[in-house]
Protein chains: 2
Amino acid sequence: MAESSGVTPISTVQRLSVYLRTIKRAKESGKKFISSEEIAAINGYTPAQVRKDFSCFGSFGIKGKGYNIDKLIKALEEILGLSERWRVALVGLGRLGKALAKYKGFHLSKFDIVAIFDIDPEKIGTKYNNIPIYSPKKLAQIAKRKKIEIAVVAVPANSAEEAVMNVVKAGIRGIISFSEVRINLPEGFILRNVNLTAEMETVSFYLTHPDWMCRGWF
Amino acid sequence: MAESSGVTPISTVQRLSVYLRTIKRAKESGKKFISSEEIAAINGYTPAQVRKDFSCFGSFGIKGKGYNIDKLIKALEEILGLSERWRVALVGLGRLGKALAKYKGFHLSKFDIVAIFDIDPEKIGTKYNNIPIYSPKKLAQIAKRKKIEIAVVAVPANSAEEAVMNVVKAGIRGIISFSEVRINLPEGFILRNVNLTAEMETVSFYLTHPDWMCRGWF
DNA sequence: AGTTGTGAATCTGTTCACAGCC
DNA sequence: GGCTGTGAACAGATTCACAACT
C-alpha cells in the first residue's frame, strides 16, 4: 500500500488522468467494479500496463474481482493531487485566453481561474467572466495574496518566454504554456507545453510518411 | 543519405518540429551554420540526441563545421511534410474554434483552414474570418471537393467521439482533437489528442509530489 | 475460476564514445 | 582541431507470465 520507491514515468501520470475519466464514465453507467482488462480495452492500452501504472502508488484492487470504482476514483484523485481545488492564474486574455477563461473543463475538473493578467490597459481593472484582470506587473503580489499555484500562459509566441519567466519570478510553481517555451527552471517548478504547431506537424509528418505510421490506437 | 530503414519514434518527430523553429530563429539572427551542440543547448537536449534524430532521415551536416542553416531548414520541412501547404477543416466553432480560426500560427506554418463545420443552423451558410461554415452532414462532400486532408476537432467533450468518427468517415486522414478521443482508427489515419485536462492534472501531480519531479529542462 | 500485483524478460529510446571526414 | 554520424552500451518503459489471493 505504501508508495513505491521507484520513479514514476510522466507517461504513467498522463495515463492515470485518462483512466480517471474512463472510470468516472463507467461509474455514471452504474457499474460498481471494473477490471484492468476493461479499463485497458476502452483506451487501447494493455491490462498489464494499467495494473503496472496503479502499482506505482499502491494496490487498490481485489484479486479475482477487479477495482471498486468509488475507491479507485478516490485513490486516483488523491494521487493526481485533485483532492483539493487548485487556484489558477490565466496570463494573456487574447482569443485563446478568453476561450480558456470560459472553458467548463477547468471548473468540472479541480481548477479555478481566480485572476487574469493582461498588458492591455483597457482591460486592466475590469473583469472577464467575473474574474478580475490585473497588470502582469502585479503577478507576484496577486499570486501571493490569492495563493495561486498554477499559471496558464496564453500569450503570443514572441512574448511567451518573458511571460513564463515572470510567472516563475512570482513564485508560481506549476505552468502550462500554449507556446513552446524551453527554459531551465528552478527546482520544484514544472512547465508543460501545449504545442499545437508540433501536433499539426506530427500529423503532417505521418500523412507524408504513411509507411511509418503505427497501427491501431492513438 | 537514404532514409533509414529503422523506425522513427514519435518523440523524434516532435523534436524535429521544435528544432525547426529553433533553427529558423537562428537564421533570423543572421547565422549561416549551426552545430548540434547549439541546437541542443537552446532546447535542453543533448547534442547526440539532435544528431541521432537527424540521422533517421539522412546526413545533412558537414563534419567539423555543423549544419548549413538554409539546407537544414529545407530538409526538416521536407521531412515534416511542410514543403506544400495543407488544407484543413475546423470542426466546431465555439469559443475555442473561433480562437483557432483566427490563430496566426496556422497560417505562419503551412496550414490553411479552408472550411468550418458547425451544427448551429444560425452559423451554417455564413462565414467566419472569411471561411465558409457548413453543416457537419456535408463533411464528406466538402472534404472531397476541397481536398481537405487534416481536421482540427474543437467540439465539446461529449460530442468529440462522434465528431472524430464523422471526420474519419469523410476520409480525412489526419486529425487533431482537443478532447481526448481514443478509438481504433483505420490504417493510414492518424489522431493526435491535445488534452488540456491531462496537462493540468500532470502539473497538479508534480506539485503534489515534488520529490518525483525531474530536475532541469522541460 | 478469475483477476490482481509484480519480478523477469523484452522492447524502445537515449547517451556514449569514437571513427571518419572537413 | 572540430564536429558529424553511428554502432554499442545503457537506461527507461512495456509486456509477459505466474504466484498469490478472493
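By convention in this document, chain letters (A, B, ...) are assigned in the order of the sequence lines, proteins followed by strands, and residues within each chain are numbered from 1.
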S.K.: Both A/Gln49 and B/Pro47 contact DNA chain D. Which one's nearest nucleotide lies toward the 5' end?
M.R.: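 Nearer the 5' end of the strand: B/Pro47.
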
S.K.: So A/Tyr67, base contact, sugar-phosphate only, or nothing? Heavy-atom distance under 4.0 Å.
M.R.: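 Touches sugar-phosphate only.
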
S.K.: Residues in side-chain contact (heavy atoms from CB on, under 4.5 Å) with B/Arg15, at least two apart?
M.R.: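 B/Arg15: side-chain contact (heavy atoms from CB on, under 4.5 Å) contacts with B/Ser11, B/Thr12, B/Tyr19, B/Tyr45, B/Gln49, B/Asp53.
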
S.K.: Quick check on C/dT15: is either OP1 or OP2 less than 4.0 Å from any side-chain nitrogen or oxygen of B/Thr46?
M.R.: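 Answer yes for this pair, as a side-chain N or O of B/Thr46 is under 4.0 Å from OP1 or OP2.
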
S.K.: Using a 3.5 Å distance criterion without hydrogens, assess whether the side chain of B/Arg25 forms a donor-acceptor pair with backbone atoms of B/Arg21.
M.R.: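 Side chain of B/Arg25 to backbone of B/Arg21, a donor-acceptor pair under 3.5 Å: no, none is there.
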
S.K.: Give the residues of residues 69-78 of chain A touching DNA chain D, defined as any heavy atom closer than 4.0 Å, sorted by residue number.
M.R.: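 When residues 69-78 of chain A is checked for heavy atoms under 4.0 Å from DNA chain D, there are no hits whatsoever.
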
S.K.: Between A/Tyr103 and A/Phe106, what is the ring plane arrangement, given parallel below 30°, perpendicular above 60°, and tilted in between?
M.R.: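 Rings of A/Tyr103 and A/Phe106: perpendicular, over 60°.
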
S.K.: Is the terminal nitrogen or CZ of A/Lys65 (NZ for Lys, CZ for Arg) located under 6.0 angstrom from the six-membered ring centre of A/Phe33 and within 45° of that ring's axis?
M.R.: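 Geometry flag: set, cation within 6.0 Å and 45°.
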
S.K.: All N/O contacts under 3.5 Å from nucleotides 18-22 of chain C to the protein, with atom names and distances to one decimal?
M.R.:
residue: C/dC22; atom: O4'; partner: B/Lys63; partner atom: O; Å: 3.1

S.K.: Tell me if the CD1 atom of A/Ile119 is crowded by more than 12 foreign heavy atoms within 6.0 Å.
M.R.: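 Not buried by this count: 12 neighbours or fewer within 6.0 Å.
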
S.K.: Among residues at least two apart in sequence or on other chains, which ones pass side-chain hydrogen bond (donor to acceptor under 3.5 Å, both in side chains) with B/Ser179?
M.R.: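 Applying side-chain hydrogen bond (donor to acceptor under 3.5 Å, both in side chains) to B/Ser179 gives none.
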
S.K.: For the pair made of CG in A/Asn68 and P in C/dT3, what is the distance, rounded to whole Å?
M.R.: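 It works out to 16 Å between those atoms.
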
S.K.: Reckon A/Tyr45 has a side-chain N or O less than 4.0 Å from the OP1 or OP2 of D/dA13?
M.R.: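 Answer is no, no contact under 4.0 Å.
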
S.K.: Short of 4.0 Å, heavy atom to strand atom, which residues of residues 26-38 of chain A count as contacting DNA chain D?
M.R.: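 Going residue by residue through residues 26-38 of chain A, none turns out to have a heavy atom under 4.0 Å of DNA chain D.
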
S.K.: Could you check how far NZ of B/Lys52 sits from P of D/dA11, rounded to whole Å?
M.R.: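 In whole Å, D/dA11 P lies 16 Å from B/Lys52 NZ.
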
S.K.: Please list, in numerical order, the residues of residues 12-22 of chain B that have a heavy atom closer than 4.0 Å to any atom of DNA chain D.
M.R.: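 Those residues: none at all.
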
